[in-house]
**Q** 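If you scroll down you'll find the structure; I have some questions about it.
Start at 1 and go down the list; that is how both ligands and their atoms are numbered.
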Amino acid sequence: MVSLSGRQYDKSNGRLNSPVYERQLRETLERYELIFRATNDVLYELDLIAGTVVWNEALYTQYGYSKDSDVEKLEWWAEHIHPDDALKLEHKLSDWFEGKSDTWQAEYRFRKADGRYIFIRDRGMVQRGSDGSPMRIIGSFLDITQQKQLDRAKDEFISLVSHQLRTPLTVIRMYSEMLTNGLFGELNSSQDEHVRQITEASVRLIQLVGDILNISRAEMGHIAPDPKPVNANLALQTQIQEILPLATKQGKVVRFEPDTKIGTIMLDRTIFDQIVQNLLTNALRYTKPNHGYIEIKFSQSKDGYLLTVSDNGIGIPKAAQDRIFDRFYRADNTVNIQEHGTGLGLYMVKLMTETLGGKIWFESKLNKGSLFYVLFPE
Ligand code: ADP
């Protein structure tokens, strides 16, 4: 867009000072043309009405195509998308066409002239007609093949390391539990105490390795929710049973009010359990012995199902509230009470909630308590 400054506009006759205006317009066009030619990213202008595409030089210099092929036809583009990505992309495009959004983004594999597929991030802006239907898309292809390869390598590394860690850790936990249970003979009280510490530490490590694995999978978008019919109240009760022995030992009260109107609902049970387990563990951790009170509710709301976990614990200081979902973040008032936290729990809960298309938020007052909300879409 060319801006009209005072110098381009002749005040005496109210007309545009055309030579200046034309020069500026020409310069702007030249600038755009240079950008169009100079970049290594493929840029395109797609006319959806005519079914034609104009590409910049990068399609020829970077992707190896020649100008005499049918590159300017929309079908040519479609034919060069990897068959395994084409259908998904088609669904995405038609959803997007029906929507109101002016921006478009997708990742898929695209074939180069030498037959190799590369991963591209396709981003564009749309121009719509007066009835809202898309007419023209101007966008770019960014080659993200290297980033994808790195992601895969990171994923494989993390899976391998976690597996290699988990197996020996499980052995340590198993034998220490057998020792505690007297399977290898009676332990004196000091031996018993030490073996219990070994068990606790190995349980914490197994949990940590599991969290790291889940986080890296979720960060890379490798967790596909798998909703199945679940009795949500029963699922919650099972999770509560898990923390009840420790809560009772610490003199804390756990209350659950099942909403009997909610029966079987569609949920990814593994993800649901991870979210609930983390919030319950925090509520338990951050309430004081003998005064702790934890309340869990699950109800239907107009946007989905709402889980709330409240406690009357130490609360979250105002200054820490913006960072509570950050990776490895722990508030100052926590560290003295609970030395063993990692600051990964809430980060993972948020990732998992978003993977399901849900939302998480909280209210908290220092030394009064916290209330966490998780909205699960229907
Ligand atoms: P951590 O392993 O430290 O519990 P989380 O990611 O689960 O890690 O939580 C991050 C931080 O958020 C905690 O260290 C604590 O400061 C705060 N927090 C989380 N839940 C509560 C709660 N129920 N009450 C008070 N503080 C909480």
**Q** Main chain of Y293, side chain of N312: is a donor-acceptor contact present, judged purely on distance under 3.5 Å?
**A**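 Yes, the answer is positive, given that a donor and an acceptor are paired below the 3.5 Å cut-off.
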**Q** Purely on distance, is any nitrogen or oxygen of L346 under 3.5 Å from one on ligand 1?
**A**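 N/O-N/O distance below 3.5 Å exists for this pair.
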**Q** Please write down residue, atom name and distance for the protein heavy atom closest to atom 16 (O) of ligand 1.
**A** T334 OG1, 2.4 Å
**Q** Does G345 offer a backbone N or O that forms a donor-acceptor pair with the side chain of N282 under 3.5 Å?
**A**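 No, the answer is negative, given that no donor and acceptor are paired below the 3.5 Å cut-off.
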**Q** Flag Y347 as yes when one of its N or O atoms lies below 3.5 Å from any N or O atom of ligand 1, and as no otherwise.
**A**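 No; every N/O pair is 3.5 Å or more apart.
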**Q** Identify which of F325, F372, F328, Y329 has a heavy atom lying nearest to atom 10 (C) of ligand 1.
**A**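 Comparing heavy atoms across F325, F372, F328, Y329, the nearest one to atom 10 (C) of ligand 1 lies in Y329.
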**Q** Quick check: are there more than 12 heavy atoms from other residues, nucleotides or ligands sitting under 6.0 Å from NZ of K112?
**A**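 Yes, enclosed.
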**Q** Classify the angle between the aromatic ring planes of Y373 and W361 as parallel (below 30°), tilted (30 to 60°) or perpendicular (above 60°).
**A** parallel
**Q** Answer yes or no: does an N/O atom from N333 fall short of 3.5 Å to an N/O atom of ligand 1?
**A** no
**Q** Taking C-beta and beyond as the side chain, do E219 and R327 meet within less than 4.5 Å on heavy atoms?
**A** yes
**Q** Mind telling me whether F372 and F325 have parallel, tilted or perpendicular rings, with 30° and 60° as the class edges?
**A**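 Plane angle over 60°, so perpendicular.
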**Q** For atom 26 (N) of ligand 1, what's the nearest protein heavy-atom neighbour? Residue, atom name and distance, please.
**A** I316 CG1, 3.3 Å
**Q** Can you pull out the closest protein heavy atom to atom 21 (C) of ligand 1? Residue, atom name and distance to 0.1 Å, please.
**A**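 It is Y286 CD1, 3.4 Å.
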**Q** With a 3.5 Å distance limit and no angle check, can you tell me whether T167 reaches the backbone of H163 through a side-chain donor-acceptor pair?
**A**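 Indeed, once roles are kept as given, a pair shorter than 3.5 Å links the two residues.
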**Q** With nothing but distance in play, are any N or O atoms of G345 less than 3.5 Å from an N or O of ligand 1?
**A** yes
**Q** Considering only the protein, which heavy-atom contact is closest to atom 3 (O) of ligand 1, and what is its distance?
**A** R330 NE, 2.6 Å
**Q** What I'd like to find out is whether the side chain of Y60 reaches to under 4.5 Å of the side chain of V71, using heavy atoms alone.
**A** yes
**Q** Report the nearest protein non-hydrogen atom to atom 7 (O) of ligand 1: residue, atom name, distance rounded to 0.1 Å.
**A**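 Ranked first by proximity to atom 7 (O) of ligand 1 is N282 ND2, 2.9 Å.
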**Q** At under 4.0 Å between heavy atoms, is it the side chain or the backbone of A331 that contacts ligand 1, or both, or neither?
**A** both
**Q** Near S370, which atoms of ligand 1 are under 4.0 Å from a heavy atom of that residue?
**A** 22 (C), 24 (N), 25 (C)
**Q** Any idea which protein heavy atom is nearest atom 2 (O) of ligand 1, and the distance to it?
**A**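 Nearest neighbour among protein heavy atoms for atom 2 (O) of ligand 1, to 0.1 Å: T342 N, 2.9 Å.
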**Q** Determine whether the side chain, the backbone, both or neither of L344 has a heavy atom under 4.0 Å from any heavy atom of ligand 1.
**A**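 Backbone only.
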**Q** Treating H194 as the side-chain partner and S190 as the backbone partner, does any N or O pair qualify as donor plus acceptor under 3.5 Å?
**A** yes
**Q** Would the distance check show the side chain of S364 and the main-chain N or O of G369 forming a donor-acceptor pair, the cut-off being under 3.5 Å?
**A** yes
**Q** Do the side chain of K154 and the main chain of S216 share a donor and acceptor less than 3.5 angstrom apart?
**A**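 No: the side chain of K154 does not pair with the backbone of S216.
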**Q** Could you check atom 17 (C) of ligand 1 against the protein and tell me its nearest heavy-atom contact, residue, atom and distance included?
**A** I324 CD1, 3.6 Å
**Q** Give the contacting part of M348 toward ligand 1: side chain, backbone, both or neither, where contact means a heavy-atom distance below 4.0 Å.
**A**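 Neither; nothing of M348 gets under 4.0 Å from ligand 1.
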**Q** What protein heavy atom sits nearest atom 23 (N) of ligand 1, and how far off is it?
**A**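 Checked against all protein heavy atoms, atom 23 (N) of ligand 1 sits closest to D311 OD2, 2.9 Å.
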**Q** With a 4.0 Å cut-off on heavy atoms, is G343 touching ligand 1?
**A** yes
